Amino acid sequence: MKRNEYLFNIHSLYNEARYAFLKIESNYARTVEESGITLPQLRILWIIKVFPGISLSNVARIGCWSSPTVSNMIKILMNKKLVFKEETINKKVYKFQLTEKGNWFININKQNKKKKIYLFDLIGLYSHKELDFIINIFTQIIIKEKKEFIFEYIERLNEMNLKIDLGGYDTNTVGIIKKTIALYNLLRTFILTIKSNHCGPLKEFNITYAQLRALWIIAAFPGVTSSELSEISFWSPSTVHVIVKNLNSKYYIHKEKALVKNAHYLDISEAGESLIIKDYIKNQKNLLIFEELEDISSKDILKFNRLLIRMNNRLGNYKTEEYVNKSFAIIESKALVN
């Protein structure tokens, strides 16, 4: 396999996985918010339910968050009387438990066919054999990242049926559902780990991960409107407004008022294009994803990509494949030339 073909397949794998995760996560978040809490808050409730008496640092580790982020969410959950903390001998360390109300929020957020979350759209998309293949690839990656602890969490999550009401499903479908839940959690861990690995090196460029993502989308779709950027990226219009404002102030993009109210046409500047290429050469090609996949055959990576493309198509992420091809065309013409 030629070098650029190998890089394309890695680029495709990461982005196909990322956009599938973002689509499921954003849809799931909207559903959960109807109950009065956020999806990250619910995820903390799941983690504490699975591991009663868990510490804040371990909640952060399993949830792929920073400790300050978890600390803030725990405070919110305690104020809502969903979580309480037990003091330990070490006064600086606490063990967290669920209240009765916290358990109630887990139960009312159990998903079923009627709630129509996108995770259900994946049930039946793959055979047991295909699910095993995808899970095996993600498992190899996560073991190399030394995040084996996530496997016990997923196993207990499925044993306790915390996410989905399995009533009314036959044994075969229950097996598919549990593997789909495992796939989703491994997918989430994979994407957030890569994001975490990438955020540190970006400080050198004085740019955030979100701003970098926006630059790549704008580069791939010249003239994209801010509203289209919101749709493609799964950010709210207010978040896009802030990101665009920051990128414009750094002269990484040009913007022109669009016909649509409160929208702008966006184009990447020479400085913006130079930045994303520098980051690709210096950082993205050195991310651990390349080491994680080095023992996986080219044939299996291609098969994995085909399955991820099928997932995105089922989820309605029709621009993902176009984004992958257009963004890699930029990489190939700007970063891979000798």
Side-chain angles (χ1 to χ4, degrees), residues 1-20 22 190-191 194-226 228-235 240 243-256 264-294 298 301-302 304-305 308-309 312 317-338:
M1 177 178 286
K2 294 180 181 178
R3 180 62 176 170
N4 64 338
E5 290 177 349
Y6 172 73
L7 291 176
F8 172 78
N9 288 324
I10 301 298
H11 178 73
S12 177
L13 187 156
Y14 174 50
N15 284 287
E16 292 286 351
R18 179 172 62 184
Y19 280 98
L22 291 172
F190 168 64
I191 293 301
I194 297 298
K195 176 183 176 181
S196 176
N197 291 342
H198 199 172
C199 282
L202 284 177
K203 292 177 182 177
E204 176 189 346
F205 296 110
N206 189 30
I207 192 171
T208 67
Y209 183 81
Q211 290 167 2
L212 181 73
R213 274 192 59 210
L215 280 178
W216 273 109
I217 294 170
I218 294 166
F221 299 104
V224 65
T225 65
S226 45
E228 289 169 337
L229 177 58
S230 176
E231 183 181 350
I232 295 169
S233 63
F234 301 102
W235 291 317
V240 167
I243 291 172
V244 167
K245 183 179 178 181
N246 286 330
L247 290 174
N248 189 58
S249 70
K250 295 175 181 178
Y251 304 103
Y252 290 142
I253 61 170
H254 306 295
K255 68 175 185 175
E256 180 183 339
H264 292 83
Y265 295 115
L266 307 172
D267 285 289
I268 194 165
S269 68
E270 287 187 15
E273 188 174 80
S274 175
L275 183 144
I276 62 175
I277 296 303
K278 283 179 183 176
D279 172 69
Y280 181 82
I281 293 171
K282 187 167 185 179
N283 297 327
Q284 293 189 54
K285 285 174 68 176
N286 294 321
L287 290 176
L288 289 180
I289 186 172
F290 289 97
E291 294 178 16
E292 293 159 349
L293 295 172
E294 65 184 0
S298 299
I301 290 176
L302 285 170
F304 192 63
N305 277 338
L308 288 173
I309 289 169
N312 276 288
N317 277 351
Y318 302 117
K319 277 192 172 293
T320 301
E321 200 168 354
E322 183 183 0
Y323 168 78
V324 167
N325 286 308
K326 287 187 172 182
S327 55
F328 193 76
I330 296 168
I331 292 167
E332 201 165 28
S333 64
K334 303 288 184 180
L336 302 185
V337 290
N338 294 321

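Note that the structure is predicted; figures quoted are calculated from it, not measured.
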What is the ring orientation for Y14 with F190, classed by angle as parallel under 30°, tilted 30 to 60°, or perpendicular over 60°?
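The arrangement is perpendicular - the two ring planes meet at more than 60°.
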Checking side chain to side chain contact (heavy atoms under 4.5 Å, CB included) for the pair F205/K278: CA distance, chi angles, key distance, verdict?
CA-CA 9 Å; F205 296 110; K278 283 179 183 176; 4.0 Å; yes
Between the side chain of [X] and the main-chain N/O of [Y], is any donor-acceptor distance below 3.5 Å?
X    : Y    : answer
S233 : L229 : yes
T320 : E16  : no
N15  : H11  : yes
D267 : H254 : no
S327 : Y323 : yes
N9   : S298 : no

Worked check of side chain to side chain contact (heavy atoms under 4.5 Å, CB included) between E273 and Y252:
CA-CA 8 Å; E273 188 174 80; Y252 290 142; over 6 Å; no
Hey, what do you get for [atom1] ([X]) to [atom2] ([Y]), rounding to the nearest 0.5 Å?
X    : Y    : atom1 : atom2 : answer
L202 : Y209 : CG    : OH    : 9.0 Å
K203 : N206 : NZ    : CG    : 11.5 Å
I217 : I232 : CD1   : CD1   : 6.0 Å
L275 : Q211 : CG    : CD    : 9.5 Å
L212 : Y280 : CG    : OH    : 12.5 Å
S274 : D279 : OG    : CG    : 11.0 Å

Tell me the closest heavy-atom pair linking [X] and [Y], and the distance in Å.
X    : Y    : answer
A335 : I281 : CB-CG1, 3.9 Å
K326 : A220 : CD-O, 3.2 Å
L247 : L215 : CD2-CG, 3.9 Å
A214 : I243 : CB-CG2, 3.7 Å
Y265 : G223 : CD2-O, 3.3 Å
N312 : Y19  : OD1-C, 3.6 Å

Above 12 or not: heavy atoms from other molecules or residues under 6.0 Å from [atom1] of [X]?
X    : atom1 : value
E231 : CD    : no
K250 : NZ    : yes
Y251 : OH    : no

Set of side chain to side chain contact (heavy atoms under 4.5 Å, CB included) partners for A219, sequence neighbours left out:
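Applying side chain to side chain contact (heavy atoms under 4.5 Å, CB included) to A219 gives I268, I276, I330.
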A side-chain contact here means heavy atoms from C-beta on lying under 4.5 Å apart; do [X] and [Y] qualify?
X    : Y    : result
K282 : E204 : yes
F8   : N325 : yes
E228 : V240 : no

Stepwise side chain to side chain contact (heavy atoms under 4.5 Å, CB included) test for I253 and S269
CA-CA 5 Å; I253 61 170; S269 68; 5.8 Å; no
Decide side chain to side chain contact (heavy atoms under 4.5 Å, CB included) for L266 and F221; before the verdict, give the C-alpha distance in whole Å, the side-chain angles of both, and the deciding distance to 0.1 Å.
CA-CA 9 Å; L266 307 172; F221 299 104; over 6 Å; no
Test item: side-chain donor near acceptor, N248 and H264, under 3.5 Å
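Looking only at side-chain atoms, H264 and N248 do not form any donor-acceptor pair under 3.5 Å.
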